[in-house]
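A note on names: the letters A, B, ... follow the listed sequences, proteins ahead of strands, and every chain is numbered from 1. Atom set for the values below is all heavy atoms of this structure, side chains included, hydrogens, waters and symmetry mates excluded.
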Amino acid sequence: MGRVRPATRAGDKTVMTERFDPAQADLRWQAAWDQAQCFRADDASTKPRSYVLEMFPYPSGRIHIGHVRNYTMGDVLARYKRMRGHEVLHPMGWDAFGMPAENAAMEKGVHPGGWTRENIANMKAQLKRLGFALDWSREIATCEPEYYGHEQALFLDLYAHDLVYRKESAVNWDPVDMTVLANEQVIDGRGWRSGALVEKRKLSQWFLKITDFADELLEGLSTLDKWPEKVRVMQENWIGKSQGLQFAFDLSNGDTLPVYTTRPDTIFGASFCAVAADHPVAQAVAAADPAAAEFIALCKQGGTTAAELETAEKLGFDTGITARHPFTGADLPVYIANFVLMEYGTGAIMAVPGHDQRDFDFATKYGLPILRVVAASADDAARPFAGEAEAGDGICVNSGFLDGMAVAEAKAAVIARAEQGGWGEGKTVWRLRDWGVSRQRYWGTPIPFIHCEICGVVPVPKKHLPVTLPDDVDFATPGNPLDRHPTWKHVDCPQCGHPARRETDTLDTFVDSSWYFLRFASQPADAPFDPAKIAQWLPVDQYIGGIEHAILHLLYARFWTRALARIGKIEVQEPFASLFTQGMVTHEVYSREEGGRDVFFGPSEIVRSGDGATLKADGQPVTVGKVIKMSKSKKNVVDPDEIVATYGADAIRWFMLSDSPPERDLPWSEAGIEGCARFVQRLWRLFAQYDASATGEDKALDRKTHQTIAAVAQDIEALGFNKAVARIYELTGATEKAAPSASRSAAIRALLLLIGPMMPHLAEEAFAGFGEGLVAEAAWPDVDPALLVDDEVTIAVQVKGKLRDTLTVAKGTPKDDLEALALASEKVQRALDGAPVRKIIVVPDRLVNLVA
RNA sequence: GCGGACGUGGCGGAAUGGUAGACGCAGGGGACUUAAAAUCCCUUUGGGUAUCCCAGUGCGGGUUCGAGUCCCGCCGUCCGCACCA
């Protein structure tokens, strides 16, 4: 077998060393790809296009292992598509605005911009070190005016089309830090940083009219057949469409009480009304009755966590007011109830205890009537309730003119009556609220408006964009640095020229990530994008990211795309044709209780043995906890840089793809990464045996090779990387065992190309040794369909469904022959034990089942 | 409570209704070596009266010649949402 002489540079042959040295090879090939500009997407290309995108990272400073998994998957797909002759757009950028930069500024006295840009440089180097096939010429950082200036222009466009407005809205205000907090920054009612009690404050805030798109966004979900069902369901629930009847009760005190119900069909079963504690009716009653005021105060004390809500008892206060039933004329008592929410519907309900569990619980507690108005049939009308409400479908009973109607029919009938009578109307209610985008923060996109005492709120003229952030800001005192900047906000009104002041709110960073995938397709200096290029590249063919963005980011991006389409900027309606949400990387947690609290240790501080583990530092045991998502606070993290330094980029990439299905969690293990590194060397040894001049045919190996090529291609297209990996192991084993031949050399060459997208550095190094060009520019190996089918098959022989023997026969052996062969089997005869065969089932090329 | 996903060896997991446990990790045994590393080979679901047989894919039923896979009912784990009227 001819020994091939590998290369230091593409094309140059040198001697293949004993071991593959990732430390040198990784950098060499990364430089070679850069130099050849392999991964630049060509807008002018006539090839079929693929847009592969992973969710861009927040530049925290370090890549974590979750990024490595995410970007490796996208990279394999991008490299594979390129080998299949596609023009691939695979870009990368930075979601670079946000709070951590300001926190760093406050804690370390560094400027958010400097801190962010330094982090970007570090992380970019880390990504390069992993060998990702990215088009860096299209890199975006959202914190640069070249990006956010265009965002301001788009914001003004939406404003011009009435999709942006201002309104008073309650925010979480931290009185110590003098800042607005996001909901997740409020912990047990206190600011996460200051610990101060958070107040609800009314501030004038900017909103985007996402509710205008509620129906579109909901309907659009049905077109996203390449999205996970799970994500579609989550968005559907989030949008929360419900259809029902809104009508008003006449109250005994002369007022009216508007209520909303999705079950107008049960209106004859209403036995009381209930209002929220902060409902105007409740407030009015409380003003005159201290007992009511006390009850309202009690309601507000109640916790709001899921567990508390689940166990919370239904409590009510009888206001003494009654409501007149629109059909029966009955007087229904009006309660203040702790389970009614002011934020939903009208803050008041008609309660139908028989067919709503909450109402049932409440009625049981306060001895209110529980009426049956829906039953399985008319004969069932008097059946008592078995301790719980019946919310299901059925026929209306005890319901006057509705009797005998099905639920759906009755809903329509009641709405029709209400609309005819003018006392109510059919109404669709959405859970989705308009998107509040104001943040009282420095490190974000300035909202391009000016407040003028004469002209009111005036948009910044587009020719004055971008409105850039001032660099000289002070983080020593709490509050919004833009607001207290000495000069920045003072400008003249663009309309009347009088002194005015800039808007000092900045945009929610979710706005930045709502259109970055459009900017990747084209980056004109004078416009956010070129619509023609968007038409070329969008929608993204494969979007990959974490499930944590199932709702907010993915919904906002869908909204923003549809909004731009509605105002005529682009044509595409849905930005992401196919979505994949990858699982997390997990590791067990090591801890020890010290002084009443858990102290955590990282995997590198631990020696693992059998069931237990000890701390390297003192040799004493530590507690081995659950396998959970890697997180800094639990210290169960590994540093990708260290892994790359020890094992090379290809080993960590291979690990990310192996074993676990990509949508599931991947448990990190030291043994696993070592196994991957061993496999890299094992392939290297096999590649070294490549001999282009070998002769002789090995038909079985040829088949295996071609079957593997076809299967791996299918697996990659379906993102089934773990299966592709398993097949590659199989072909590796078969090739190693085979005797030298042309077939064996072909198998080795095919293997090299198959691992090209997964272990690109190893592939390049070996390919150069073969005297060929760059794998990055090579074609995926062809498949000979004739070799995909075996000419010999193994047939299972069952007796009464139990396996008794196997037969190796030529493919396509006729049914009768198979029967005869099966009956001739000694094992089969023994299993039959003389019993007569009643029936024979033959599945050609698969099995024979003898039924005795 | 509602919705969704999942449940297969010691572990991660394969398996168009047709030979369960491919492939990897870990374990056991062996070869090579003065020794180690590296590498290679064998072995590993459980139980038996062991060239063979029985049981076995969370539990209980069912459909089928045949079920990890389909249907019904449970149990458990994880995720999301939630007094949404």
Side-chain angles (χ1 to χ4, degrees), chain A residues 18-19 228-238 240-242 244-246 259-263 266 274 276 302 304 306 308-310 312-314 337-341 343-352 355-359 361-362 388 391 429-431 547-548 550-551 586 610-611 627 654-655 658-661 663-667 669-676 678-679 681-682 685 720 722-733 736 794-807 827 830-831 838-843 845-852:
Chain A
E18 294 252 329
R19 288 182 66 80
E229 166 82 14
K230 181 191 174 88
V231 175
R232 289 196 311 235
V233 168
M234 282 164 75
Q235 291 210 353
E236 193 181 319
N237 292 339
W238 185 263
K241 181 181 190 174
S242 64
L245 169 70
Q246 182 163 324
V259 298
Y260 175 73
T261 178
T262 56
R263 292 297 303 272
T266 63
T304 51
E308 282 168 321
L309 288 175
E310 195 161 341
E313 198 183 354
K314 302 275 181 292
N338 66 345
F339 70 93
V340 179
L341 303 175
E343 307 82 61
Y344 190 81
T346 61
I349 60 164
M350 70 164 198
V352 184
H355 306 285
D356 181 287
Q357 191 58 42
R358 296 157 299 180
D359 300 349
D361 295 343
F362 191 91
E388 59 181 16
V429 169
W430 304 87
R431 190 178 167 279
I547 187 71
E548 66 274 19
I551 296 174
T586 58
D611 296 342
V627 179
W654 188 248
F655 187 99
S658 304
D659 295 351
S660 288
E663 70 278 10
R664 287 207 218 159
D665 289 351
L666 171 66
S669 83
E670 202 60 29
I673 185 70
E674 280 169 14
C676 292
R678 272 201 302 275
F679 185 60
Q681 298 299 337
R682 185 177 155 197
R685 288 191 299 273
N722 59 319
K723 295 186 209 174
V725 162
R727 293 185 209 283
I728 287 169
Y729 275 118
E730 280 191 65
L731 180 59
T732 302
E736 284 169 337
T794 306
I795 305 263
V797 183
Q798 299 178 335
V799 175
K800 287 187 281 186
K802 283 193 180 186
L803 182 73
R804 293 299 170 182
D805 202 358
T806 57
L807 303 168
K827 289 175 185 171
R830 204 175 331 132
R838 289 190 287 119
K839 192 174 172 186
I840 303 181
I841 285 127
V842 180
V843 182
D845 296 334
R846 287 229 79 122
L847 65 68
V848 179
N849 188 7
L850 306 168
V851 186

request  = Quick one: look up who B:A20 pairs with, Watson-Crick or G-U, both distances under 3.5 Å, and put none if it's unpaired.
outcome  = none
task = Provide the Watson-Crick or G-U wobble partner of B:A14, both distances under 3.5 Å; none if there is no partner.
result = none
ask   = Taking a pair as Watson-Crick or G-U wobble with both distances under 3.5 Å, which nucleotide is matched to B:C40?
value = B:G30
inquiry  = Partner lookup for B:U57, please. Criteria are Watson-Crick or G-U wobble with both distances under 3.5 angstrom; report none if nothing qualifies.
reply    = none
key: Same-atom distance (P) from B:U64 to B:C59, integer angstrom   = 23 Å
ask   = How would you label the contact of A:Ser658 with the nucleic acid (heavy atoms, under 4.0 Å): base, sugar-phosphate, or nothing?
value = nothing
query = Quick one: does A:Arg358's side chain have a donor or acceptor within less than 3.5 Å of a partner on A:Lys314's backbone?
reply = no
key: Gap in Å between the two P atoms, one belonging to B:C23 and one to B:A67, rounded   = 26 Å
inquiry  = Please verify the inter-ring angle class for A:Phe679 with A:Tyr729; under 30° counts as parallel, over 60° as perpendicular, anything in between as tilted.
reply    = tilted
ask   = Does a distance-only test, which skips hydrogens and angles, find a donor-acceptor pair under 3.5 Å between the side chain of A:Asn237 and the base of B:C81?
value = no
ask   = Base, sugar-phosphate, or nothing for A:Tyr729, non-hydrogen atoms under 4.0 angstrom?
value = sugar-phosphate
task = Using a heavy-atom cut-off of under 4.0 Å over every strand shown, decide if A:Arg727 touches base, sugar-phosphate, or nothing.
result = nothing
inquiry  = Can you tell me which nucleotide in B:A85, B:C40, B:G18 comes closest to the side chain of A:Val843?
reply    = B:G18
request  = Choose from B:C83, B:G24, B:G13 the nucleotide whose nearest atom is closest to any side-chain atom of A:Arg682.
outcome  = B:G24
message = Side chain of A:Met234 only, heavy atoms from C-beta on: which candidate in B:G13, B:C81, B:G80 is closest?
response = B:G80
inquiry  = Counting only Watson-Crick pairs (N1-N3 plus N6-O4 or O6-N4) and G-U wobbles (N1-O2, O6-N3), all under 3.5 Å, who is the partner of B:C52?
reply    = B:G48
query = Taking the nucleotide of RNA chain B with the closest heavy atom to each, which residue, A:Ser669 or A:Glu736, is nearer the 5' end?
reply = A:Ser669
remark   = With the side chain defined as heavy atoms from C-beta on, A:Lys230 is closest, among B:C79, B:C65, B:C83, to B:C79
ask   = Quick one: which of B:G7, B:G18, B:A85 gets closest to the side chain of A:Asn849?
value = B:G18
query = In whole angstrom, what separates A:Ile728's CD1 from B:G13's C1'?
reply = 17 Å
request  = Report which part of the nucleic acid A:Arg838 touches: base, sugar-phosphate, or nothing (heavy-atom distance under 4.0 Å, all strands).
outcome  = nothing
request  = Round to the nearest Å and state the distance from A:Asn722 atom CG to B:C25 atom C1'.
outcome  = 14 Å
ask   = Taking atom C1' of B:G13 as reference, at what distance in whole Å does atom CG of A:Asp659 sit?
value = 7 Å
ask   = The side chain of A:Arg804 lies closest to which of these nucleotides: B:C54, B:A22, B:C83?
value = B:C54
request  = Using the P atom on both, measure B:C78 against B:C65 and round to a whole Å.
outcome  = 41 Å
query = Which nucleotide, B:A26, B:C83, B:A85, lies nearest any side-chain atom of A:Ala671?
reply = B:A26
query = Which whole number of Å gives the distance between the P atom of B:A14 and that of B:U8?
reply = 11 Å
ask   = Rounding to a whole Å, what distance do you find between A:Ile551:CD1 and B:A82:C1'?
value = 12 Å
ask   = B:C54 and B:C6: how far apart are their C1' atoms, nearest whole angstrom?
value = 31 Å
message = Distance check, P atoms only: B:A85 and B:G3, in whole angstrom units.
response = 14 Å
request  = Tell which nucleotide pairs with B:C2, taking only Watson-Crick or G-U wobble pairs whose two distances are both under 3.5 angstrom.
outcome  = B:G80
task = Mind checking A:Thr346 for me? I need base, sugar-phosphate or nothing, with any heavy atom below 4.0 Å counting as a touch.
result = nothing
query = When you compare B:G61 with B:A55, how far apart are their P atoms, in angstrom units rounded to a whole number?
reply = 15 Å
task = Would you kindly check whether a donor in the side chain of A:Lys723 faces an acceptor in the base of B:C23, or vice versa, at under 3.5 angstrom?
result = no
message = Over all strands shown, is A:Gln798 touching base, sugar-phosphate only, or nothing at heavy-atom distances under 4.0 angstrom?
response = base
key: For atom CG of A:Leu803 and atom P of B:G68, their distance in whole Å   = 13 Å
request  = Check every atom of B:C52, B:C23, B:C25 against the side chain of A:Arg678 and return the nucleotide holding the closest atom.
outcome  = B:C25
query = How many Å lie between CG on A:Asp665 and C1' on B:G13, as a whole number?
reply = 14 Å
request  = Compare the minimum distances between each of B:A85, B:C53, B:C40 and the side chain of A:Arg830, then state the nucleotide with the smallest one.
outcome  = B:C53
inquiry  = Counting only side-chain heavy atoms from C-beta out, which of B:C83, B:U19, B:G3 sits nearest to A:Arg846?
reply    = B:U19
request  = Nearest whole angstrom, please: distance from the P of B:C83 to the OH of A:Tyr344.
outcome  = 11 Å
ask   = Which whole number of Å gives the distance between the C1' atom of B:A31 and that of B:A38?
value = 14 Å
key: Nearest heavy atoms of A:Thr261 and A:Met350, plus distance in Å   = OG1-CE, 3.7 Å
message = Expressed as a whole number of angstroms, how long is the span from A:Asn338:CG to B:C83:P?
response = 12 Å
query = At under 4.0 Å between heavy atoms, what does A:Val340 touch on the DNA or RNA strands: base, sugar-phosphate, or nothing?
reply = base
